[in-house]
Novice: 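Structure in structure tokens, see below.
In what follows, chains carry the letters A, B, and so on, assigned in the order in which the sequence lines appear, proteins first and then strands, with residues in each chain numbered from 1.
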Amino acid sequence: MTVKKNKNLELYIHTPFCVKKCDYCDFLSFPGDSRTQIQYIHALLQEIRFYGEKMGEYVVPTIYIGGGTPSWLDSEMITAVMEQVFSSFHVLPDAEVTLECNPGTVKADKLAAYRKAGINRLSIGLQSVHNEELKILGRIHTYEQFLKTYSLARDAGFSNLNVDLISGLPRQTLEIFMDTLQQVVRLKPEHVSCYTLIVEKGTPFYEKYKFDAVAQQAGIRTEILPNEDEMYRITKATQDILRNAGYEQYEISNFAKPGYACRHNIGYWTRENYLGLGLGAASLIENVRYSNTRELYEYMELCGKLQLLLPEAFAGEQDSAQPEGDFFGSNLHVSADIIGRKEQMEEFMFLGLRMNEGVKRDDFENNFGVPIEAVYLEVLEKLKRQEMIVMREGRIALTDRGMDLGNYVMAKFLF
Amino acid sequence: MSIDQSKIRNFCIIAHIDHGKSTLADRIIEKTGTLTSREMQAQVLDNMDLERERGITIKSQAVRIIYNAKDGQEYIFNLIDTPGHVDFNYEVSRSLAACDGAILVVDAAQGVEAQTLANVYLAMDHDLDVLPVINKIDLPSARPEEVAQEIEDVIGIEAMDAPRISAKTGLNIDEVLEQIVTRIPAPAGDPKAPLKALIFDALYDSYKGVIVFCRIKEGSVKVGTRIRMMATGAEDLVTEVGYFGAGQFIPCDELSAGMVGYIAASIKNVRDTRVGDTVTAVDRPCAEPLPGYKKVNPMVYCGMYPADSAKYPDLRDALEKLQINDASLQYEPETSLALGFGFRCGFLGLLHLEIIQERLEREFNLDLVTTAPGVIYKVHKTNGEVMDLTNPSNLPDPSEIEYMEEPFVSAEIMVTSEYVGAIMKLCQERRGIYISMDYIEATRAVIKYDLPLNEIIYDFFDALKSRSRGYASFDYEMKGYVRSELVKLDILINKEMVDALSFIVFKDGAYDRGRKMCEKLKKEIPRQLFEIPIQAAVNGKVIARETVKALRKDVLAKCYGGDISRKKKLLEKQKEGKKRMRQVGTVEVPQEAFMSVLKLDED
């Protein structure tokens with residue numbers, strides 16, 4: 001058996017439960033009673049154990065527990081998950097371990113339990129400091145509840161906090177969002193994520209604002225959602241305020257104080273191996289992309305059977321051929337797509353360029369065995385002429401203009 | 001073997017569109033047992049899928065039917081189906097010339113319409129005996145007695161004993177068959193005279209070569225006869241003669257005067273066999289060709305380009321194949337700066353254009369970009385030359401033009417009195433010249449206008465229907481060329497003239513058209529990295545302008561975590577959109593924009 005010691009494997013752990021789904025949210029989340037939650041965590045533990053056995057040759061540099069609202073669950077559940085992770089995987093001592101946390105769902109004892117469980121970073125979903133906006137979004141908390149949660153987190157000893165914000169809300173103006181930003185900056189979180197609202201099909205927001213959403217994309221006059229020009233001003237002002245406050249924009253929607261960029265996210269942009277655990281979670285392992293079933297009961301049932309697979313998989317000779325079909329022998333994956341060389345190049349570019357520092361030419365060459373110009377010369381020349389990208393110190397990165405028009409630039413790298 | 005001429009009936013069915021011509025043809029074929037009902041597919045004569053879908057006949061068809069009449073005799077019916085649209089008027093007239101009588105189908109609810117009249121006059125011009133039939137008597141709104149009276153009053157033919165039928169249910173079809181025997185005359189013509197046959201259609205068969213559909217007027221023809229097409233001069237040896245079964249060719253020994261059938265003579269090119277031409281024998285030619293032949297010329301032109309420029313050779317092959325069966329389709333290669341390599345194609349009318357376009361897309365799987373259709377203008381140059389202008393891009397410099405002429409048609413519109421005002425307004429708007437108005441009944445009028453062809457090729461028919469709630473009917477024929485004040489309207493996108501968007505327009509309408517074009521294009525062209533001015537200009541002078549603002553922000557600032565495939569799908573969608581764009585200078589223009597000029601009156 002080939003030893004892949006020291007190969008990195010990021011872990012993403014999904015908990016789908018929420019008190020109430022927000023009106024703009026199209027992630028895999030839903031409410032769930034405590035019995036279902038317990039059953040789910042039980043299944044999740046089995047999945048962690050199973051993959052821990054299967055992927056012993058990897059080391060884990062980052063863990064991210066997202067949702068849903070993981071902080072809504074009893075802290076014992078999170079503790080159990082973390083204990084299982086530590087016992088099943090080789091987690092590096094300096095690993096970044098993030099948990100998504102919603103205001104109003106945690107008290108001091110819960111936060112202390114997280115610390116004890118090994119969580120060292122919290123990502124707090126604030127979205128806006130204006131309670132009217134929080135109401136429009138269908139959030140269940142107020143700004144005041146956020147402030148409370150934030151200070152409790154500091155008190156509990158969390159020295160790496162992220163605050164999530166959303167711009168482009170209905171009837172939002174530049175001034176309203178600037179107010180949100182300035183108040184947040186005063187709290188000095190280590191990390192700020194600024195996403196722009198995307199009105200997704202299937203959400204209550206879509207039903208309410210679909211005509212505007214189309215108009216916004218087409219660059220024509222909108223009624224309720226901010227128009228493209230207003231969004232442009234908001235983006236520019238966001239960059240100004242956060243840069244002046246000492247944050248570096250290391251990715252299109254992420255800002256951090258030096259040394260606090262989210263390593264887990266960077267792993268996504270640099271195409272590290274990552275293993276998604278939990279309902280509907282996606283994985284990328286050695287250029288195969290998997291995703292778990294999105295059906296809750298199917299997921300729990302399949303996890304229950306994983307145990308049976310283990311002894312069989314490890315009986316007999318260690319070098320035995322992989323089970324047919326799924327690399328892992330589980331039936332959790334509803335899809336397993338092999339990412340071909342060309343697709344790898346596409347992803348390398350459009351993910352890498354999301355980061356401020358862009359992509360390294362050497363990395364491209366090491367990965368694919370050819371210089372980047374051999375593949376993308378024409379595109380690179382054109383984008384350079386259009387001042388969308390710059391090349392410096394062996395790197396290719398977006399300019400400010402390139403970042404504003406990221407979709408245009410990134411689509412150019414698709415074959 | 002000889003067939004008694006007195007037992008032959010050659011006839012066609014004429015009707016206004018939708019009055020039930022093809023359905024009646026089907027019933028006649030079915031009743032006479034040429035096909036069993038099981039073999040019947042509705043409307044057997046309309047062969048092409050497209051014909052069946054659109055419910056119109058595009059090419060002429062013929063079928064031979066055996067009928068056992070009540071007098072105990074066996075008759076041979078040759079039913080010749082005629083195209084049902086003004087675009088194909090000439091083909092209609094040639095089909096009529098091959099007949100001795102015509103069944104006139106009139107809808108029992110709608111009564112006499114514009115095309116009913118036009119078709120009857122055409123039939124009378126060819127000395128055909130007209131047998132009226134009142135159809136659709138099963139409709140609740142049917143008023144057969146009134147309609148019979150109307151036929152007598154308006155057309156002036158005996159209609160009181162006209163069969164009242166329902167072609168749909170098959171009611172009273174026997175009566176029609178009997179009247180064909182009694183009221184339509186048997187053919188005349190001397191079988192011993194030199195060969196004289198009228199071509200009323202032709203099609204290409206890959207085994208037999210060109211198959212000529214003809215009516216033998218005089219003499220006879222058989223395998224081995226050396227024949228000559230009198231207008232084109234093409235000569236060949238006959239390899240097969242025969243008549244038309246339903247949907248198949250049935251060879252026979254000889255075709256003689258009075259008969260309708262086909263001749264195959266290993267002719268390679270349909271262009272050698274023009275509809276209306278006379279076929280004669282080389283060793284014993286007739287003295288004079290049959291009257292009425294003319295070479296049909298396209299009336300409407302447009303540019304057709306493959307959406308994917310690599311498909312240019314495919315488009316050429318496809319046009320070639322279509323032309324084999326459709327001599328009135330013309331095409332020649334042209335290039336456009338905006339659209340690349342394509343063809344300037346000539347058509348009999350807009351319907352013909354649409355049919356060809358649809359067949360290219362459907363049968364040959366081609367994705368096309370079509371430029372705005374235009375007519376042929378006559379440009380009188382200062383040096384005395386007269387040029388036929390089919391492509392606006394070729395218009396000479398204004399300093400070289402003395403004056404221009406545009407084609408006019410004489411139009412007859414039949415409409416109920418309440419819509420007379422609306423229809424006259426429409427005709428005025430389309431630069432029509434009022435000729436006359438006659439009430440054919442208390443509530444219905446025939447309005448005659450001379451209209452520029454240019455004004456009716458796009459959407460006149462639709463406008464007519466919508467302004468009369470579907471009650472107006474319309475027919476036209478070419479009148480000739482009239483001097484007119486015309487200018488070329490150019491469109492500039494980002495200061496670059498886009499040849500494929502230029503068109504010729506009446507001077508006084510230029511500003512209005514230009515403004516609408518700019519507005520339309522503004523909607524069609526997506527925002528790009530820079531501001532794009534869209535201008536309309538006449539003789540280099542800008543008369544209208546719109547601006548597509550520059551794109552400033554377009555980025556996916558949403559966290560999908562590890563779900564990369566979603567991100568990629570969005571980018572792919574963006575890229576897919578780009579593929580359907582044409583590069584005009586530095587601007588990406590969607591292909592739809594080139595056709596948007598056609599739909600200016602929609603909003």
Side-chain angles (χ1 to χ4, degrees), chain A residues 10 12 14 27 64 66 164 166-168 193-198 200 217-220 228-229 231-236 252-254 264-265 267-268 271 274 276 280-284 289 291 335 337 339 343 346-347 350-351 354 386 388 401 403-414, chain B residues 308 310 493-494 518-534 546-590 592-593 596 603:
Chain A
E10 303 195 329
Y12 172 80
H14 191 71
F27 287 101
Y64 194 101
D164 266 347
I166 299 182
S167 66
S193 296
C194 291
Y195 301 112
T196 47
L197 176 72
I198 294 176
E200 300 278 4
Q217 274 197 327
I220 49 185
E228 192 206 271
D229 286 340
M231 285 311 297
Y232 177 76
R233 280 192 291 274
I234 287 175
T235 312
K236 290 288 124 186
I252 284 171
S253 36
N254 286 294
H264 184 82
N265 271 341
Y268 289 147
R271 307 189 70 253
Y274 55 87
S283 308
L284 175 67
R289 182 158 289 126
S291 51
S335 66
D337 300 316
I339 312 298
E343 277 179 276
E346 293 174 346
E347 289 183 6
F350 81 71
L351 293 172
R354 293 186 68 88
Q386 294 176 329
M388 296 286 183
R401 177 171 154 79
M403 202 171 269
D404 292 336
L405 299 168
N407 289 351
Y408 168 85
V409 178
M410 288 161 193
K412 286 265 183 273
F413 289 97
L414 302 190
Chain B
D308 172 1
I493 294 179
N494 204 23
C518 290
E519 281 170 9
K520 188 89 183 178
L521 286 169
K522 184 187 175 176
K523 280 189 205 151
E524 295 277 346
I525 298 174
R527 300 177 77 169
Q528 289 169 37
L529 301 178
F530 41 84
E531 192 174 277
I532 307 162
I534 299 170
E546 291 282 341
T547 307
V548 178
K549 283 171 64 186
L551 181 68
R552 300 177 75 184
K553 187 171 169 357
D554 175 25
V555 65
L556 196 63
K558 184 179 172 174
C559 178
Y560 287 123
D563 195 355
I564 305 302
S565 49
R566 262 183 94 168
K567 271 198 182 74
K568 193 169 165 193
K569 260 181 214 143
L570 284 159
L571 292 176
E572 269 166 355
K573 227 170 114 191
Q574 178 138 0
K575 195 182 157 96
E576 237 358 85
K578 289 248 185 297
K579 270 199 198 150
R580 293 198 53 83
M581 302 277 193
R582 287 280 170 163
Q583 195 81 25
V584 173
T586 50
V587 183
E588 283 163 336
V589 180
E592 293 75 28
S596 63
D603 356 69

Novice: Of all residues at least two apart in sequence or in a different chain, which pass the salt bridge (charged side-chain N to carboxylate O under 4.0 Å, His left out) check with A/Asp229?
Specialist: B/Lys549, B/Arg552
Novice: Where on A/Leu284 is there a heavy atom nearer than 4.5 Å to chain B: the side chain, the backbone, both, or neither?
Specialist: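 Neither part; nothing is under 4.5 Å.
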Novice: Can you tell which part of A/Tyr232 gets under 4.5 Å to a heavy atom of chain B, answering side chain, backbone, both or neither?
Specialist: both
Novice: Which atoms form the tightest heavy-atom contact between B/Leu571 and A/Asn407, and what is the distance?
Specialist: CD2-O, 3.8 Å
Novice: The criterion is salt bridge (charged side-chain N to carboxylate O under 4.0 Å, His left out); which residues satisfy it with A/Glu346, sequence neighbours excluded?
Specialist: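 Scan of A/Glu346 (salt bridge (charged side-chain N to carboxylate O under 4.0 Å, His left out), adjacent residues dropped) gives B/Lys568.
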Novice: In terms of heavy-atom proximity below 4.5 Å to chain B, should A/Leu351 be classed as side chain, backbone, both, or neither?
Specialist: side chain
Novice: Tell me, side chain or backbone of A/Met388 under 4.5 Å from chain B's heavy atoms, or both, or neither?
Specialist: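 Looking at A/Met388, just its side chain touches chain B.
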